[in-house]
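Since the structure comes first, as structure tokens, the remarks are kept for the end.
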Amino acid sequence: MTVSVRSREQDGVTVVELEGEITSVTSAELQADILPLIGGTATTVIDLSGVPYISSAGLRTLLLVHRQALRRQTVTVLVGLAEEVRFVMASTGFLDFFDVRENASAFLGPVGE
């Protein structure tokens, strides 16, 4: 079991798309894949629309992302949170660490520009 990580830079924003469940089994590999992507631009958008579930290990990975962003003076925005993921993050206070939006359109121009 893995979490798929796709990244691209668009309009000066790093967009990281995740797909799969973030669990204790997948979080170490995800951490290794995602941390180097944080801070390459002023804003990093992490699209979680393909993530139906996140465990405490996944929350720890997101906390490390948050800390990396602070060190590199960049903004991290989470988009596309599934209802269960949003509930877990709200219940544990993790939503307070991030700018959370429905989608990335506020940060990106139309595709192809």
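In what follows, every heavy atom counts, from backbone to side chain, and hydrogens, waters and symmetry copies are set aside.
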Taking the side chain from Asp47 and the backbone from Ser49, do they hold a donor-acceptor pair closer than 3.5 Å?
yes
In the structure I gave you, are the side-chain heavy atoms of Val3 and Glu19 within less than 4.5 Å of one another anywhere?
no
Would you confirm whether Ser55, through its side chain, and Ala57, through its main-chain N or O, come within 3.5 Å as a donor-acceptor pair?
yes
What is the minimum heavy-atom distance between Ser4 and Arg6, and which atoms define it?
OG-NH1, 3.3 Å
Contacts under 3.5 angstrom, residues 83-90 side chains, donor-acceptor by atom type, not counting sequence neighbours:
| unit_1 | atom_1 | unit_2 | atom_2 | d |
| --- | --- | --- | --- | --- |
| Arg86 | NH2 | Glu102 | OE2 | 3.4 |

Taking the side chain as C-beta and beyond, is there a heavy-atom pair between Val25 and Thr2 under 4.5 Å?
no
Under 3.5 Å, side-chain donor or acceptor atoms of residues 62-80 against the rest of the protein: list the pairs with distances, not counting sequence neighbours.
| unit_1 | atom_1 | unit_2 | atom_2 | d |
| --- | --- | --- | --- | --- |
| His66 | ND1 | Phe97 | O | 3.2 |
| Gln68 | OE1 | Arg71 | NH2 | 2.9 |
| Gln68 | NE2 | Leu35 | O | 3.3 |
| Arg72 | NH1 | Ile38 | O | 2.8 |
| Thr74 | OG1 | Thr41 | O | 2.8 |
| Thr74 | OG1 | Ala42 | O | 2.7 |

Point-to-point distance, once rounded to the nearest 0.5 Å, from CD of Gln31 to CZ of Arg60:
5.5 Å
Between Glu29 and Asp33, does the side chain to side chain contact (heavy atoms under 4.5 Å, CB included) criterion hold? Intermediate values first, please.
CA-CA 6 Å; Glu29 183 177 340; Asp33 290 343; 3.9 Å; yes
Thr61 and Leu59, any side-chain heavy atoms less than 4.5 Å apart
no
Indicate yes or no: at least one non-hydrogen side-chain atom of Glu21 is less than 4.5 angstrom from one of Pro52.
yes
Would you check if Ile54 and Leu48 make a side-chain contact, meaning some heavy-atom pair closer than 4.5 Å?
no
Is the shortest side-chain heavy-atom distance between Val16 and Thr44 below 4.5 Å?
yes
Hey, are the side chains of Val5 and Leu18 touching, using non-hydrogen atoms and a 4.5 Å cut-off?
yes
Does the side chain of Tyr53 reach to within under 4.5 Å of the side chain of Thr23, using non-hydrogen atoms?
yes
Of all heavy-atom pairs linking Ser27 and Gly58, the shortest is CB-N, 4.3 Å
